[in-house]
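Residue indices begin at 1 and follow the sequence shown. Values in this document were obtained by computation on a predicted structure and should not be read as measured data.
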Amino acid sequence: MSAAKLARALVDRLSSRGYGAAEVLTKQGRTRRSELSAQGPVSVLTVESGWAVRAGGSDGSFFCCGTGVPPAGGSWPEPTGVPLRLPEPKDGPQGGGGSEPDVALMVEGEAKGLVAGIARELGRQLEGARLLRAVLDDGSSDTHLVSSQGISVSFRSRLATLYLEAVWRSNATTRTVLQLTEREASSFQPRALARRLADVLTVRAGHPGPERDRGEIVLGPVVGARLLAALTPLWVGPKAGARAATLADRQDRLGSSALNVVDDGRLSGGALAAPVDGEGLPTRRLVLVREGRFQQPLLDWRQAEPPRSRAVGCVRRPSWRDRPSLGLSHLFIEGDENLAASDLLAAVARGYYLLDTLGAVRLDFASDRFAVPVCGFSLAQGQARDTVARSWLCGGIGALLHGIRAAARDLSFVPAAGMVGAPTLLTNGLELRREL
């Protein structure tokens, strides 16, 4: 019997036992891990299948999961958890059909070749630079979800993650980590990744940043994305609107007219793109901020209050082991398709271009302040003049959002609690400090 038929049969049995709400998820997946370290290359293929059951009603519920296929019968835990409500089907994909073509995983030789190619290109780009460790995980999965409320969905997913750790001339202060996620491993380009690592390694080995300075600051996509991710409390959940209101100006703007924030669960080519969310509801694009004005936060079907706010399929379930929870999929700042990153750099008479973050963002909504360690270059007339090996980018959270003057078209994502992206951003009103 297929996984989908097993799930349907189990839902019917749970319903016949008096559970007013029942849901069964099954997932089968394969992952090839290819690793390069001081111990040499290693490649491992893992095959896994698992299931999860939620059932209950207004008096309580239980959650149960395990490997293999769901049990055909037997006893279930007492429904001592919180009351369970499950969504009704919405317009969107139902029934069978995958969202992703059945593309084979990289074979062992291809995966090892990709990792070795990055190491080789890094040495060519920057003499004395080397990879300390590289880990490539290339995976695919098939998911089936059936509920007593009439939801029945099946879809296929692909995901490839890459971890790179590099150093230049054994100088520990230059150690750089790069973590990336794509839909397919073939999307990783060794030369481009090596160039990105070489740029950061070169900066990390250079001169420290200014004691204290202001000016126009260009944020590279990685810096912008990590700041956006740190601001997730502004974008997700019922309390997000109240937080955003505290940062709005007298014209009720959360940010500048160049600020457009979107979450899109079915973003074309997105690493986490899927036709439905973790409860089987259709995903879609939702504008959270339009030209600096807050529209609404990301809300699921339980939290939305039409017509003031609309629900979207935004319940995430990374693994069959995970309980469903509200979360972003592809959150990003939308850029101007007519603006290249080079246009923003050329516009800076005196300022800085920040390539990467060197640690976590420190955020305090109560005092309206943020700080994050960064590295990059100083700029004069649009040209790089000196390195900024380590400095603190800091300022007000409101000043950051209101100070975005332009957003380029080079959107790039980083893995966070979901995928978070930003293009190159031109900002003002922020500060660089050597020490906090």
Side-chain angles (χ1 to χ4, degrees), residues 176 192 195-228 230-231 249 253 255-261 289 291-292 332-358 361 369-414 421-436:
T176 296
R195 179 71 264 167
R196 184 169 164 182
L197 283 170
D199 286 345
V200 177
L201 290 169
T202 302
V203 166
R204 295 297 309 279
H207 300 101
E211 288 287 347
R212 190 168 184 175
D213 200 6
R214 301 177 72 89
E216 293 180 309
I217 297 179
V218 178
L219 307 181
V222 172
V223 180
R226 290 192 174 134
L227 286 168
L228 184 67
L231 294 172
D249 61 16
R253 286 185 178 275
S256 72
S257 60
L259 178 64
N260 294 280
V261 181
V289 179
E291 296 182 353
F332 60 95
I333 296 175
E334 199 164 44
D336 184 341
E337 288 300 317
N338 296 316
L339 275 179
S342 57
D343 297 331
L344 303 191
L345 293 169
V348 178
R350 192 191 73 83
Y352 297 90
Y353 175 39
L354 304 180
L355 285 176
D356 205 351
T357 61
L358 304 178
V361 179
R369 299 292 297 175
F370 82 92
V372 59
V374 293
C375 64
F377 298 96
S378 63
L379 296 172
Q381 304 304 321
Q383 299 296 315
R385 294 303 184 196
D386 205 351
T387 57
V388 177
R390 183 181 178 90
S391 190
W392 287 91
L393 175 68
C394 51
I397 299 169
L400 167 65
L401 299 174
H402 288 280
I404 296 175
R405 292 175 48 196
R409 59 175 177 250
D410 57 333
L411 176 63
S412 180
F413 286 87
V414 300
T424 300
L425 303 172
L426 176 61
T427 70
N428 59 18
L430 302 178
E431 186 176 51
L432 282 179
R433 297 182 184 180
R434 189 171 298 178
E435 302 291 341
L436 281 181

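Classified by interplanar angle (parallel below 30°, tilted 30° to 60°, perpendicular above 60°), the ring pair Tyr353/Phe377 is parallel.
Each side chain to side chain donor-acceptor pair (under 3.5 Å) pair with one or both residues in residues 370-393, not counting sequence neighbours, appears once here: His207-Asp386. Screening residues 424-436 for side chain to side chain donor-acceptor pair (under 3.5 Å), with sequence neighbours left out, gives Glu211-Arg434, Arg212-Glu431, Asp410-Thr424, Glu431-Arg433.
When all heavy atoms are compared, the tightest approach of Ala422 to Leu411 is N-CD1, 3.4 Å. Here the closest heavy-atom approach between residue Pro423 and residue Ala407 is recorded as CG-CB, 3.9 Å. Contact between Arg204 and Thr176 at its shortest, heavy atoms only, is CG-OG1, 4.1 Å.
Between Ile217 and Leu219 the shortest side-chain heavy-atom distance falls below 4.5 Å. Side chains of Arg226 and Leu231 form no contact here, defined as non-hydrogen atoms less than 4.5 Å apart. Asp249 is listed as a side-chain neighbour of His402, based on a closest heavy-atom distance under 4.5 Å. Using a 4.5 Å heavy-atom cutoff, the side chains of Val374 and Val388 are not in contact. Here the side chains of Leu379 and Leu345 are in contact, with some heavy-atom distance below 4.5 Å. The shortest distance between side-chain heavy atoms of Leu354 and Leu432 falls below 4.5 Å. Inter-residue side-chain proximity for Phe413 and Pro221 is flagged as unmet; no heavy-atom pair is nearer than 4.5 Å. Looking at heavy atoms from C-beta onward, Cys375 lies in side-chain contact with Leu358 at the 4.5 angstrom threshold.
Salt bridge annotation for Asp356-Arg196: absent, with no cationic side-chain nitrogen under 4.0 angstrom from a carboxylate oxygen.
No donor-acceptor distance shorter than 3.5 angstrom exists from the side chain of Thr357 to the backbone of Val223, with no hydrogens or angles considered.
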**OP:** Show your reasoning for whether side chain to side chain contact (heavy atoms under 4.5 Å, CB included) applies to Phe370 and Leu393.
**Re:** CA-CA 8 Å; Phe370 82 92; Leu393 175 68; 4.1 Å; yes

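If you take CG on Asn260 and CD on Glu291, they are separated by 6.0 Å, rounding to the nearest 0.5 Å.
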